[in-house]
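Structure, as structure tokens:
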Amino acid sequence: MNNTILVTGSRGQIGSDLVVELRRRYGNKQVIESSRSAAPNIESLSYEVLDVSDRQRLEEIVKQYQVGTIYHLASLLSAKGEQNPDLCWDVNVNGLKNVLEVAKSHQLKVFWPSSIAVFGPHTPKLDTPQIAVEDPSTMYGITKVTGELLCNYYAQRFGVDVRSLRLPGIISYNTLPGGGTTDFAVEIFYEAIKHGSYTCFVRPDTRLPMMYMPDAIAAILQLMAADEAGIKIRTSYNLTAVSFSAAELVAEIQQHLPDFTCEYAPDFRQAIADSWPSTIDDSSARNDWGWQHKYDLQAIVRDMLSQIKSQKSKVKKI
Ligand code: SER
């Protein structure tokens, strides 16, 4: 198998951290970044402009670099998806279909993130099982359910080695998330440090599954490195680390910044958050390929505050 890696959506919240770790493990030349934006000014590293809805361009890049693995991260998140449902479908579903088609033709291995957003109002909210009702109320969730079914179809019908995780809200400090419902759990740190106060767009009792970026990167790479025989789920694995409410997050930040205050002004994202699970049963991931998280709420808050304080000026907006 060719061993060049292509990352789509490489400038996003997960992509920017994943690329750093992939390059650390496999070397700069082995990892090709791509996104819709014009090339960044880093001449020594490989970067291609790619709109994932353009299958021909995707295939050209795969051939040019003899790509063997795609981490397909290009996606619109839940809140942005509600503002532009057509674009959300086009990027999230047609983009994935293109990746799977090219993977089928060129025997590529694929990682694709699904989300807790596949679940909806009729899904059990606590310890949501791997197999549960999926009745999402957002276009984003609909694209993720469709995507999971496409992944399973391409794996079963054509033998494409595609692997996926239902990611919870991801908390990180290198690149801000763009247009998600769980973004409050990232924004709050910047506002706490900068202004000492935050207006949160969900209610204090809103409890959602969350994960720190180092755990998310570890999970993605562990899943991709796992023995193929161990991967029993080809839709997408439930995955979680911690669940906490907005109020519990505030209280934990106040342990470090006692003067920090938070007000609550729920907006349209409250209904999205209310439709998602509070806690997730990820025992299949733990049993099938040994998933274990490292960061709990205390560790996340401690590290986020110290990282943002030391890197304040470097954070990238997407
Ligand atoms: N973090 C994502 C969002 O809020 C969920 O997958 O849209």
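Residue numbers count from 1 along this sequence. For ligands, and for the atoms within them, numbers begin at 1 and follow the listed sequence.
For ligand 1, the atoms lying closer than 4.0 Å to a non-hydrogen atom of Tyr140 are 5 (C), 6 (O), 7 (O). Near Leu77, with a cut-off below 4.0 Å to any heavy atom, the atoms of ligand 1 are 7 (O). Atoms of ligand 1 lying under 4.0 Å from any heavy atom of Thr181, numbered from 1 in the order shown and given with element: 3 (C), 4 (O), 7 (O).
Ring pair Trp291/Tyr237: centre-to-centre distance not below 6.0 Å.
Considering backbone and side-chain N/O atoms, Trp276 never comes within less than 3.5 Å of an N/O atom of ligand 1. Annotation: Ser115 places an N or O atom under 3.5 Å from an N or O atom of ligand 1; distance criterion only.
Aromatic ring pairs are classed by plane angle as parallel below 30°, tilted from 30° to 60° and perpendicular above 60°; the pair Tyr71 and Phe111 is tilted. Ring orientation note: the planes of Phe201 and Phe184 are nearly perpendicular, at an angle over 60° on the 30°/60° scale.
Salt-bridge check for Glu82 with Arg269: failed, with every basic side-chain N at 4.0 Å or more from each acidic carboxylate O. Residues Lys109 and Glu228 are not paired through a salt bridge, judged by the lack of any N-O separation under 4.0 Å between the basic side chain and the carboxylate.
Remark: side-chain polar atoms of Lys125 are paired, donor with acceptor, to backbone N or O of Asp274 under 3.5 angstrom.
For atom 7 (O) of ligand 1, the closest heavy atom belonging to the protein is Ser78 OG, 2.6 Å.
For atom 2 (C) of ligand 1, the nearest non-hydrogen atom from the set Thr182, Val118, Leu76 belongs to Thr182.
Residue contacts with ligand 1 for Ala117 are absent, since no atom lies close enough (heavy atoms, distance under 4.0 Å).
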